[in-house]
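Following: one structure in structure tokens, then a few remarks.
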There are 2 protein chains.
Amino acid sequence: MQISSRFTVALHIFACVEYFKDKCKVTSDFLASSINTNPVFIRRILGQLSKAGLLKVMRGTGGIEITRPLKDITFLDVYKAVEPIEDGALFHFHENPNPACPVGRNIHSLLDGKLLSIQNAMEDRMKEYTLDDIREGLGEIIGGKDS
Amino acid sequence: MQISSRFTVALHIFACVEYFKDKCKVTSDFLASSINTNPVFIRRILGQLSKAGLLKVMRGTGGIEITRPLKDITFLDVYKAVEPIEDGALFHFHENPNPACPVGRNIHSLLDGKLLSIQNAMEDRMKEYTLDDIREGLGEIIGGKDS
DNA sequence: TCATTCTGAAACAACAAATATTGTAATGTC
DNA sequence: GACATTACAATATTTGTTGTTTCAGAATGA
């Protein structure tokens with residue numbers, strides 16, 4: 001199963017906000033057109049991001065403001081904001097293994113540590129990338145020729 | 001979004017097959033009862049695992065045989081067998097970003113490398129655990145007192 | 001004050017994936 | 001051939017994602 005597109009869409013949003021901040025007003029309609037989806041979907045994600053304190057959305061007038069320096073927002077911050085998994089576990093267990101079975105009643109204590117370590121490996125790598133890397137990468141790709 | 005329970009169920013299956021191999025015949029019904037789900041679900045996963053060459057299911061007579069030494073089957077092998085993600089990408093992009101937007105047409109080349117690196121961090125950690133670790137852990141937990 | 005523009009939120013539909021349930025056919029052993 | 005078991009197909013239920021519509025509220029500027 002893939003991780004939902006909300007994560008990559010959120011990164012796309014940040015990229016747009018940063019890139020267009022001096023060029024034009026960035027609204028949910030504008031973003032929806034760049035991402036090629038509908039404005040409500042964008043607003044839902046914007047809601048999650050602002051609830052997490054990563055940006056602020058101006059009501060009425062429109063426009064989006066990133067609340068922290070780009071290098072202080074990691075991919076993990078964004079991921080956690082838009083993928084609210086219950087109790088934070090990446091891996092889903094089948095509920096209620098049979099307690100009468102020696103394997104069934106011990107499977108959790110057997111696997112939990114290992115699964116957590118796998119999840120941590122992913123999240124630690126997510127911490128290594130920040131929105132500033134996106135800004136920088138975008139500058140390199142687009143350079144002068146593609147604006 | 002969580003990764004489907006097929007992965008943890010598959011690990012549970014291997015744990016049972018190993019633990020009960022000398023004690024009783026392990027059938028899909030037996031497994032379903034330990035995991036507390038239905039036999040068909042188990043069979044589908046068994047089908048994926050045997051298609052991947054990790055085990056062999058005896059038809060008619062019943063019983064399951066692991067085809068390789070436990071230490072030669074990693075968590076990643078199991079994961080890949082039961083989570084067949086199209087083109088192997090963990091992260092889902094929204095399709096067709098707007099090519100008329102400088103961000104939209106570059107978002108993929110901007111993010112792909114970073115996302116792949118995150119995915120690789122997870123998969124590399126998965127390679128570090130093998131089914132032998134499960135057998136060992138189960139032996140420690142259950143020890144002599146819990147059989 | 002009023003019109004405009006925009007966001008926030010709710011309701012609903014379409015769709016896909018995960019899981020459960022059931023029935024039937026095929027297979028291997030005895 | 002009888003039996004136990006798996007394989008396969010069809011279907012239902014639930015849940016999550018995404019799209020669509022609608023309406024109320026907030027900021028701004030004329």
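No experiment lies behind these values; they were computed from the predicted model shown. Chain A is the first sequence line, chain B the second, and so forth, proteins listed ahead of strands; every chain is numbered from 1.
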Tell me whether the side-chain N/O atoms of [X] come closer than 4.0 Å to OP1 or OP2 in [N].
{"X": "A/Ser5", "N": "D/dT17", "value": "no"}
{"X": "B/Arg6", "N": "C/dA18", "value": "yes"}
{"X": "B/Thr37", "N": "C/dA20", "value": "yes"}
{"X": "B/Ser28", "N": "D/dT6", "value": "yes"}
{"X": "A/Lys25", "N": "C/dT5", "value": "no"}

* Counting N and O atoms only, with roles assigned by atom type, does the side chain of B/Thr67 sit under 3.5 Å from a partner on the main chain of B/Leu54, one being a donor and the other an acceptor? -> yes
To the nearest Å, give me how far apart [atom1] ([X]) and [atom2] ([N]) are.
{"X": "B/His92", "N": "D/dT17", "atom1": "NE2", "atom2": "C1'", "answer": "9 Å"}
{"X": "B/His94", "N": "D/dT17", "atom1": "NE2", "atom2": "P", "answer": "13 Å"}
{"X": "A/Ile45", "N": "D/dG19", "atom1": "CD1", "atom2": "C1'", "answer": "13 Å"}
{"X": "B/Asn38", "N": "C/dA18", "atom1": "CG", "atom2": "P", "answer": "15 Å"}
{"X": "A/Arg43", "N": "D/dA24", "atom1": "CZ", "atom2": "C1'", "answer": "12 Å"}
{"X": "B/Ile42", "N": "C/dA18", "atom1": "CD1", "atom2": "C1'", "answer": "14 Å"}
{"X": "B/Asn96", "N": "D/dT18", "atom1": "CG", "atom2": "C1'", "answer": "14 Å"}
{"X": "A/Met1", "N": "D/dG16", "atom1": "CE", "atom2": "C1'", "answer": "9 Å"}

* Identify which nucleotide among D/dT18, D/dT6, C/dG8 has an atom closest to any side-chain atom of A/Phe41, counting heavy atoms from C-beta outward. => D/dT18
* Asked: B/Val40 has a side chain; which of D/dT20, C/dT7, C/dT21 sits nearest to it?
  -> C/dT21
* Relative to the 5' end of DNA chain C, which residue comes earlier, A/Thr27 or B/Ser4, by the nucleotide with the nearest heavy atom? -> A/Thr27
* Structure fact -> Nearest-nucleotide check on DNA chain C, A/Gly47 vs A/Arg44; residue mapping nearer the 5' end is A/Gly47
* Mind checking whether A/Tyr129 and A/Phe75 have parallel, tilted or perpendicular rings, split at 30° and 60°? -> tilted
* Do the rings of A/Phe41 and B/His94 sit parallel, tilted or perpendicular, given the 30° and 60° boundaries? -> tilted
* **Side chain to side chain, B/Met122 and A/Asp124, heavy atoms closer than 4.5 Å** => no
* To do: For B/Asn120 and B/Ser117, test the side chains for any donor-to-acceptor distance below 3.5 angstrom and give the result as yes or no.
  => no
* To do: Take B/Ser50 and A/Thr61, find for each the nucleotide of DNA chain D with the closest heavy atom, and name the residue whose nucleotide sits nearer the 5' end.
  => B/Ser50
* Asked: If you look at every strand shown and take non-hydrogen atoms under 4.0 Å, does A/Gly62 touch a base, only sugar-phosphate, or nothing?
  -> sugar-phosphate
